[in-house]
Amino acid sequence: MRTTLAIVTLALGMAAAAGAQSRPDLTGLWIGPTADISVVLLPGEEVSLTPYGAERYRKVDQANSPAYKCLPYGPTRGLQSTNPFQIIQTPDLIALITEHIDYRLIYMDGRAHPADILDYPEWMGHSIGRWDGDTLVVDTIGMREETWLDTAGFEHSAKLHITERFQKTGPDAIRLTTTIEDPVFYAKPFTYGRNLRRMPKDTRLMPARCADNERSLADAVAGVQGPEHKKPPTFPTLSSGRP
């Protein structure tokens, strides 16, 4: 009996070790500029606005972009910038560091989201992760609602829930698929996908302090440019039949 138990224990340990070794190493400097997430929606996906979301979307003014105010980019836009970001991977914690002087911590130790995260939201939210085979699955909630989902003008509420899947498709490539759920702004969840590429080894992560050189706010002219999505969202239909 003891021999059988020892064999089973050894087998389970070997299987766990093999599983850990098969997990890809995402460590490195990556980039995947995506100003407009409407153009990278997965087939069959659409961005469908709620009545409140449609009201807010009509009022979006690029002169009010959070970036012009030197606000943090948030969890999605931070990884979609024209600047690269660094991934540092350990068994219990994965860190994402952006050039916009911000970071995300993905807890891999099995913990849950803090019970009070919605009462005390963070710019990058709170992220917990797990491995689904060779894919890193990240669940994020608790984002401050001042940020945008992308540069082109999709906003969100404090109820935003993000699910990301990082799958390494080659030594220097990651497929990042993101699902957005926000019942305040969007009538249904939607998913988009992007390809990240590894930056050359001699590339430096250089802090981009907005306050050091940001003059866009002073030059911004209100009422000139609204949302810039090439594939506009779907608006709710009113009783008059007019969107």
Side-chain angles (χ1 to χ4, degrees), residues 13 15-34 37 40 72-118 120-144 147 149-150 156 160-181 189 191-208:
Q21 292 176 358
S22 66
R23 291 168 184 167
D25 184 6
L26 305 178
T27 298
L29 194 62
W30 304 88
I31 193 169
T34 309
I37 61 176
V40 290
Y73 272 30
T76 57
R77 191 174 179 184
L79 303 188
Q80 295 162 185
S81 168
T82 53
N83 296 347
F85 63 92
Q86 181 82 41
I87 298 180
I88 302 173
Q89 181 175 332
T90 72
D92 293 332
L93 182 70
I94 296 177
L96 306 179
I97 304 174
T98 73
E99 286 197 344
H100 296 283
I101 320 300
D102 219 329
Y103 63 90
R104 291 176 62 187
L105 299 179
I106 302 171
Y107 296 97
M108 303 292 294
D109 55 6
R111 74 179 68 186
H113 292 298
D116 62 353
I117 185 60
L118 297 184
Y120 302 97
E122 303 172 10
W123 287 108
M124 288 291 187
H126 186 271
S127 298
I128 54 177
R130 61 179 176 83
W131 289 101
D132 180 9
D134 64 352
T135 300
L136 172 64
V137 182
V138 181
D139 185 278
T140 304
I141 63 172
M143 282 70 66
R144 290 182 56 157
T147 61
L149 296 178
D150 65 359
H156 67 84
L160 174 64
H161 177 200
I162 303 171
T163 304
E164 297 161 294
R165 299 178 67 88
F166 294 76
Q167 184 178 38
K168 203 169 184 181
T169 55
D172 302 316
I174 294 176
R175 178 65 174 173
L176 173 54
T177 304
T178 304
T179 298
I180 299 295
E181 298 178 72
T191 303
Y192 61 94
R194 305 183 298 117
N195 296 319
L196 310 179
R197 60 180 175 84
R198 188 189 298 276
M199 300 292 286
K201 291 183 178 180
D202 59 351
T203 304
R204 295 168 53 198
L205 192 68
M206 301 181 66

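Computed from a predicted structure; not experimentally measured.
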message = Please evaluate residues Thr76 and Tyr192 with respect to the criterion side chain to side chain contact (heavy atoms under 4.5 Å, CB included), reporting the C-alpha separation (whole Å), side-chain torsions for both, the decisive distance (0.1 Å), and the verdict.
response = CA-CA 11 Å; Thr76 57; Tyr192 61 94; 3.8 Å; yes

So how far is it from [X] [atom1] to [Y] [atom2], rounded to the nearest 0.5 Å?
| X | Y | atom1 | atom2 | result |
| --- | --- | --- | --- | --- |
| Thr169 | Leu176 | OG1 | CG | 11.0 Å |
| Leu79 | Arg104 | CG | CZ | 5.5 Å |
| Tyr103 | Trp123 | OH | CH2 | 13.5 Å |
| Gln86 | Met199 | CD | CE | 11.0 Å |
| Glu99 | Leu29 | CD | CG | 7.5 Å |
| Leu96 | Ile106 | CG | CD1 | 4.0 Å |

Please report the shortest heavy-atom distance between [X] and [Y], naming the atom on each side.
| X | Y | value |
| --- | --- | --- |
| Thr27 | Arg198 | O-NH1, 3.1 Å |
| Leu136 | Met108 | CD1-CE, 3.5 Å |
| Glu164 | Ile162 | CG-CG2, 3.7 Å |
| Pro72 | Asp102 | CB-OD2, 3.2 Å |
| Leu160 | Leu149 | CD2-CD2, 3.8 Å |
| Leu196 | Gly32 | CD2-CA, 3.9 Å |

query = Among Asp132, Ile174, Thr135, which one satisfies side-chain contact (heavy atoms from CB on, under 4.5 Å) with Gln167?
reply =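 Of Asp132, Ile174, Thr135, side-chain contact (heavy atoms from CB on, under 4.5 Å) with Gln167 is met by Thr135 alone.
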
inquiry  = Go through it in stages, so that I can follow the logic: the residues are Tyr107 and Leu93, the test is side chain to side chain contact (heavy atoms under 4.5 Å, CB included), and I'd like the CA-CA distance, side-chain angles, deciding distance and then a yes or no.
reply    = CA-CA 5 Å; Tyr107 296 97; Leu93 182 70; 3.7 Å; yes

Hey, does [Y] have a side-chain heavy atom less than 4.5 Å from the side chain of [X]?
| X | Y | value |
| --- | --- | --- |
| Tyr73 | Thr98 | no |
| Ile87 | Ile94 | yes |
| Asp172 | Arg197 | no |

task = Could you tell me whether the side chain of Lys168 and the main chain of Leu26 form a donor-acceptor pair under 3.5 Å?
result =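 No, the answer is negative, given that no donor and acceptor are paired below the 3.5 Å cut-off.
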
query = Donor-acceptor pair, Gln89 side chain versus Pro24 backbone, under 3.5 Å?
reply =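 Such a contact is found between Gln89 side chain and Pro24 backbone.
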
request  = Carefully, step by step, assess Ile180 and His156 under the rule side chain to side chain contact (heavy atoms under 4.5 Å, CB included).
outcome  = CA-CA 9 Å; Ile180 299 295; His156 67 84; over 6 Å; no

task = For the residue pair His113 and His126, categorise the inter-ring angle as parallel (less than 30°), tilted (30 to 60°) or perpendicular (more than 60°).
result =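 Perpendicular.
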
task = Please assess Arg175 against Asn195 for the test side chain to side chain contact (heavy atoms under 4.5 Å, CB included), listing each intermediate value before the final yes or no.
result = CA-CA 5 Å; Arg175 178 65 174 173; Asn195 296 319; 3.1 Å; yes

